[in-house]
Structure formats: C-alpha cells, structure tokens
Amino acid sequence: MLIASVVVAAMLVLSVVLAYQAGNSARQAMITASDENAQLISELISERVHRIVNPADATIRLLAFDPVTVAPDLPARMRRLPVLFRLLEQNQLLSAVYIGYPDGQFLLLRALHNAAVREEVKAPANAAFLLQSIAHEQGGGALTGRFSYYDAQHQLISSAERPDYQYDPRVRPWYASALEKKSQVLTEPYIFFTTHEIGVTLSQPGEYGGAVVGMDVALTDLSAEIGRLHLLPRTEIAVVDPDWRVLAYTDMSRVLQRDGDTPSLKLRHLDDLGVASLQAMQALDLQNGSSQRFKAQGEEWVANGFALQSPRWQGLRLLMAIPTRELLADVDKRLRQQLWWSLATIALLLPLGWCAGRRVASSLTGLALQAQALARFDFRRTPVPRSAVREVRALGEVMDRMSTTIQEFLDITHHISAESRTDRMLSSVLYELVGATSCTGGAVYLVEAGAGHLQRVACYKKGSTGDSDLPECFPQRVPLEHFTNHTQPQAEDQAIGGAEPPHALRVQLRTRDGQPLGLLVLHYLADIRHDDVHFRAFAEKLSGTLSVAIETSNLIEGQLELLDAIIRLLADAIDAKSPYTGAHCERVPQLAETLMQRMCDAKDGPFAAVGMTDAERYEFRLGAWLHDCGKVTVPEHIIDKATKLETIYNRIHEVRMRFEVLWRDAELHYCKQLLSDTQPADAAQQEQWQRLERQLQQRHAQLQQDFAFVARCNVGGEAMADADVQRLAEIGQQTWLRHFDDRLGLSRAEVQRVASLPVKDLPAREPLLADRLEHLVPWGARRPPVEAGNPENRWGFDMQLPAQQAHLGELHNLSVRRGTLTTEDRFRINDHIVQTIVMLKGLAFPPHLARVPDIAGSHHEKLDGTGYPRRLGTEQLTLADRVMTLADIFEALTASDRPYKPAKSLSESLNIMARMVREQHIDGQVFRFFLESGVYREYAAQFLSEAQRDAVDVPALLASLD
C-alpha cells in the first residue's frame, strides 16, 4: 500500500507538474508565436510599402524627360499616350499618371483596376483606361474638361466634355511642392480627387519646362493585405502614422469620414475608429517589437507594435491586438484533457504500482531527467537505467532517438548556415542526413547547365573506406532522365558483391520558382520505417531546406561573379576610353594583389605577422580594381594631353595658320610696294626692288624661326627657361588682321563667355598669341567641394582649387614650365581620385567591404602628408594604401603608352622610386620588400618590353635607402 501510494502520488505529482509545465510552455509558445507572426506581418506590410513606392520612383524619373512634359497642346500630348499606357501596364501598383502644366492645363491617364473605381468614374463595361484632360481645345479659348474611355487594346470607346470637371493642378500640393523643391516629392497619404481612394502622389518637375509629372499610388491593397493576415478571427490590425491617423484597416469605411459639411473626406484618428482594443493601445508605452497585455471592455488582449521601415515615410507603425481568450483557448482545453487522462491512467496503473512501484519509479526518474534536459535544449543522450517494463524501455529508446535526431538536425542547420562553399556544405549535410534517417548512404546531384546531365557534388556511404565502391552505387554523372523519372528504378539500383540490393529514394531539388536544381538520392534497406509514406514526405520536406540552401549559395556566388564582372567592365571601359592608358586599370590590381599576397606568405621580416582573411582579400581586390574609376569623369583630351595647346584638338594648327597669314601679309606688302612704283626701271629702282626682296626673305625666315620655336614650346619636352617665356611673349605681340566676325558659330558656353566683352570693329587687329578673357572657363555651379574649409566637403578633402575650371589662353598654356599640363589641367586629372572617393562612398558597401573606397582613393597620398586628395600622413595610411601607392607609381613609370613621356627602363624606374622613398613619398619597408621578393622582375617579364628590362643593382638600391 505504501509503495503503491508513493507511486501513485509520484505519478500524480509528475502529471500535474508536466501538465503545468506543458501549459506554461504552450502559453508562452502561443504568445511567442503571435509575436513572431506579428513581426512577419509587419515585414510583409513593409515590403508591400516598398513595392508601392519604389517602382514608381524609377518610372517617374524617366517620364520627367519625356516630350509630353513640353507638348504645347492636347493633340501633341495625345501622341505620347502610348507611353503612358505602357507605364500603367508595366506597373500594376500605379493608379494614375498625369502631367500638370504651368498654364493650368492637365492630362491624366487612369487604370480602371477595380469595380469601385469604375463605378466612381461611370466607366463603360469594357473600359480599361480613363483619360482625363483639361486643355484649350479651341485654340486660345477657355479650358475644357473631357473624359475619354479606352479599352484594353488602347482603342477609344467614347469621349465627352465634362463641364463639371474643374481641376487646377497648380494649387495641388503635389504640384507646388515639386516646383518649390525642384526635386522628386512624395506626398503624405490623402484622399484622391476623382476616385476618393486613399493613396500618395509621387511628383517631379519635368526636365525641360515648368510642367510637373505626377503618379498616384493607392494604399487600398495594404488594407486588403491586412485582411488576409489575421492570426485569429477577432485579431485587430491597423497601420498608423506619427499623428495616430489610420492609414490602413480591414474595414476602410471606418477610416474615412467627411470633413465638416464639405463633400471631401479625411482619415480618422485611431481614437475615432470605434475599435476599443486599438484605441486602448494608444495609451500604452509599447516599444518596437515588444508585446504587452492590457484590458479593453473587460477583456484581456495581447498588444504588439512594430515600426514599418519605409525609404520615404517616417514613423509608420503597425498595431496588432489579439484576444488572450482566443489565443489560449486550445491550450486550456488540451490542458484539461491531459489532466483527465492523467487521472484515469493513475487509477488504472494502481495495481501495477503495487507490484513494481520501485522499479518503475527509477526508470521514470531517468526519463523525467531526460525530458527536463530536452526542455532546457540539452539534446545530449543521458544514461537511463534499463526498465523491466517494455513500454518504459521503448519510451527511453524513442527519447534517445529523438535526442539524437534533434541534435543531427541542429548539426544540419549549422552546416547550412556556417559553410560558405556549396560542395563542403552539401557533404556535411549529407553525412548528417544519412545518419538522421538511418539510411545506408546518399548522394546529391546538381544539374549541369547546358550539359544535359546531373553532376555528383557530394556522396556518402556507411562503412565505405574510400571512393573505390562509390561509382557503382553513385556514379559521377547520371542522365537528366533521373530527374524527370525520379520515382522509377534505375540501372545502378542493384546489389554489389552479392549483398542485398539497396532501395533508393530520389527527391527532386527545385528552386523557389520551380526550376530544376538537382536530385537527392538516399539508399536504405527495406523495413517498416523506410517503406512508410511518411518517410518520403519527411525527405521531401527536408529537401526543400536543402534546395533553399543550394539556391542561396548559387545566388551569392552569382552576385559575386556579377559584381566582379561589373567592376571589370568599368575598369576596361576606363582603359578603353584612352588609347594611351590601356590596361592600366588591369595591371595595377595584378601587381598590387601579387605584392600583398607575397607579404601574407612571408615567414620572417617586418611583414611576417601580415595576414588577410578571404573577406579582407576580396575587399583589397575590389579597391584595387576600382582605384581609377573616377577617371570616367575626366575629359580624355586632358588625360591624353600630349601638347600644351591641345584641347579637343591641337590648337597649334590655329597658330600656324596665323603665321601663314603673316607670311601672306609680308608678300602682299612686298607686291604692293612694287606695284606702287610706276616709273621705268633704272639702276636705283632695281636696287630698291632688291632691298624689298631681301626684307621679304628676312621676314619669311623670321616667321619660320618664330613658328618653329612656338611649335617646340608646344611639345613640352624640356623645361622652359625665363628667356623662352619672354621670347614667347615677344612673338605673341605681333598682330594680324581679322576680317570675319569671331562670334559666329559659337556654342552656348562660348557665347556666355564673350557676352560681356566689347565687340571689335572689323577689320580687327589681333595679337598673334594671347590670353583673352574668353579663354577663362569659370567653375559656375559645378565648383567641386575639395577645399578644407568648404562646408560641403564631407569626405575630408584638402586640395587647392584653381581660380577657374579651365584656362585656354595660348600664352598661359605655352608657358608651362615642364610637361604639357596647366595648373587647371593638373587639378582636373587629380580630381579623378576625388571622384573615385565620392562615387564609391555613395555606394552601400556591406561592413566587410567598408574600406573599399579608402583603398581605392588613397594611392596618391604620401607619407609626409603632401599627397592628395586628403593629405593623409604616415599614421593614417594602412598597409593596403601603401601597397596600392607603390603599384600605381611603378606601373606609371614603366608604362610605354603615355603620350607625354617616353617609356623608362626598369632601373630608371626603380631609381626614381628609391628617391621617392628618401623623400617620404613611398613606404621604405614596402619598397624594400618589393625589391627583395622579386615581384618587380615577375611584373617586368610579363608587361615590359625587352628593351626596358635592363639590369638592376638591387644591393645599391637598398643601400641608398639607408
């Protein structure tokens, strides 16, 4: 009796504890599930908000350039109607697209998507579009309103004037705000003028006039989405703005109310909605993503609140209220059922407890401990005393198997999430999967694109000591018919060495959109468990997780390949832009990556501790390939400026023509003097003619010498002395007569530069060489913010900005002391690194690629802080920056395709770099490693001509660094 009582009491207590624990766990699980579902609903609605706004954003930017924005009358606008039809058909979320004109005219095309809108505008049964127009249909007469209906094939059904259609777009907020801000504007949600739907308007000024383009996006589908996402029948969901106005609710008739006595509608606030549970939530201090219980009309509710993330709307929140009674109804019912079943079981087991109480108690204690371990998420198998009761023993075995299976599934999930390589991930997952399903082996095949067969990427067989027997049961390649006929037996499903032939289960692996991805093959021995239909169902469900993992891995690899291809495309485009700098953007990354890898491989020396992860190596590679992406903004005539007078073309031809004019002037002067003397030729006259001829020859010789000097100065091969600059000025003071108007045939920019200058009377005497005011090209609105004190300079640039954008003066350019670039030209070339940083900083790089802009934009900095564009010093320059600097300089010195310098030999280039090390322009340790590792020789063998690859005295170079 005592033993039975103890057993029964223990069973009763155990049942109560288990029931209480199960009840609490179920309650907490339901509340947690409701929180997770509420979070999912908020993400779905946030995604729907993105789908509403983002497609319209790209569409309106294109429409702002369309001729419809400057069409003068209604017939001209109607010719662009097919474009508007196409926009509405391609973006089903757009309600209407329209254009408001500065004179009050208006053109709107509306898609008749639903019955409510069709009834509101009284559309014919077969009408698919409504064209609303307000225009001067009778020339300069009054504005006329008109409704025109079109079918789905864009054919006109009917058209009629609407005198009651009075609408002035210029007073609407979407029109006024877009013109005021001169940019794209997204309005707050409001009631549409014609259809009375709730929505927003995205508007933008046209690019060629005062017209404003607008697009309506209805929010009605948000309410429909909310109606489909109820967790329980009485769940209440609403979307509110920061002012607690209701933007979306399942019953939109509650949301809209009339604005006073006017026929217009407005949005209700949450406290006016008439829903007690939602009204009570307004008083709660509900944090984002948290849940809280509250009372409303004597009933307990669970409240959830989430912030909706939107790129344009700020402060939107999703409110959800769930009645606790409905949420936990099933839990309470099952808890009562479980309690009654426990009491009945105790009564039936009382005789058994009398006989075997102590033995059963010991076994149940072990099982209870194991159950508690499972509740604590401890899935390790714990030793349990073997029970004499078969059911208890079977339960222990099941719990052991369950613990093992759960642990194996956790291992599968870990391998899927932790392993980045697809083949390794599949091998690990397959190993765990074969063990979890008690199969004898398995394999994963993937579809080989364009090959017409399946390729084995992972396989495992229990008891296999190698790959010798794998080809027989899991061939390396199988025909594509295995995927199509995956339920049919195949030739390899046969016995090996007289053993029992295995049974094969083949499960198709497909992408989310149903495309063939591969095949999962499991081999097992026939038994009751594997022959059950639940085993196939289980394997098929598990294959879905495997398919998602494979597809995700493929997508990530594809994105990386696409990113690499885009970067390579940009680098090739920069190299192709100039015939003189071809392959620069390819050679520099190769040299930089090779040098950095050698540093990572170094076992001793200053770089022995240098190492890079795969993410850091990829980050460095992207920065190297993008180091000159800003060159796309630099005019190629500046990058390739081979002579001082070169702009789009070499202006030496203009100067030579002026010398030709002076040459002809000298001949004309000579001929005029001869013709003016009408007396018969005598000895004195002959001598006068000879003197004039000598003067002509001297003038021609002087002109030849002067032009040769000017042309030599234009080449820029040698440094110019002060005497050369003075001689240029003297030559330039010569004059010639211009008989034609120099303001004809000018571009708009040239006309603006000469508009304020006085007009010279013709013929006008012009200097041979001059720096005229019209040669100065001002910065205007495109002044780059590169000065240290500029408030718009948020990138840390520290550069000196020239007074003007360009100085085309002939004397100014010809007087350049060294090379061919003026101060303005030099800044435009240096500006490429500014544009590189600005462009790359504008990209949303993930955290592991955050340093790409700095790696790409720091290769013109110097250790002494005199580099550009940010004047970074030794402490601010990383090893990656210093390697990029060396690679860029070495490639530039050894390049043989530059128009402004001859190709330098290997020894000349390294001697120059050694001097730059001594001047604190290049890092000495990096340059020393560059020489000692022999990277320079490998680069020279690959990219330098044989004439450039001369002998290099490395010891002497290293000694010169000390």
Approximate separation, where rounding is to 0.5 Å, of [X] [atom1] and [Y] [atom2]:
| X | Y | atom1 | atom2 | answer |
| --- | --- | --- | --- | --- |
| L910 | M916 | CG | CE | 12.0 Å |
| L957 | M913 | CG | CE | 10.5 Å |
| H860 | R870 | NE2 | CZ | 12.5 Å |
| H921 | F927 | NE2 | CZ | 14.5 Å |
| L840 | W795 | CG | CH2 | 12.5 Å |
| T866 | D798 | OG1 | CG | 11.5 Å |

Do [X] and [Y] touch side chain to side chain, with heavy atoms closer than 4.5 Å?
| X | Y | value |
| --- | --- | --- |
| V834 | P784 | no |
| R61 | Q204 | yes |
| C713 | M720 | yes |
| V777 | Q804 | no |
| H775 | H812 | no |
| P785 | R794 | no |
| H859 | I889 | no |
| P778 | L776 | no |

Any donor-acceptor N/O pair, [X] side chain to [Y] backbone, under 3.5 Å:
| X | Y | value |
| --- | --- | --- |
| Q948 | T894 | yes |
| T613 | E616 | yes |
| T874 | L863 | yes |
| E861 | G873 | no |
| R621 | E593 | no |
| W779 | P802 | yes |

CG (D604) with more than 12 external heavy atoms under 6.0 Å: no
Worked check of side-chain contact (heavy atoms from CB on, under 4.5 Å) between Y868 and V786: CA-CA 10 Å; Y868 66 91; V786 297; over 6 Å; no
Mind telling me whether [Y] and [X] have parallel, tilted or perpendicular rings, with 30° and 60° as the class edges?
| X | Y | value |
| --- | --- | --- |
| F890 | F930 | perpendicular |
| F943 | Y939 | tilted |
| F929 | F607 | perpendicular |

Trace of the side-chain contact (heavy atoms from CB on, under 4.5 Å) decision for V725 with R817: CA-CA 9 Å; V725 176; R817 297 287 181 155; 3.8 Å; yes
R915 and S960: side chain donor to acceptor below 3.5 Å: no
Least distance between heavy atoms, L202 atom then Q184 atom: CD1-OE1, 3.6 Å
P853 versus A850, closest heavy-atom pair with distance: CD-O, 3.4 Å
Qualifying salt bridge (charged side-chain N to carboxylate O under 4.0 Å, His left out) pairs with a residue from residues 873-890, counting only residues at least two apart or across chains: R851-D881, R882-D923
Pair D614-R617, salt bridge (Lys or Arg N to Asp or Glu O under 4.0 Å): steps then yes or no: CA-CA 5 Å; D614 291 341; R617 187 174 288 104; 3.4 Å; yes
Working for side-chain contact (heavy atoms from CB on, under 4.5 Å), residues R928 and V917: CA-CA 10 Å; R928 184 182 298 272; V917 170; over 6 Å; no
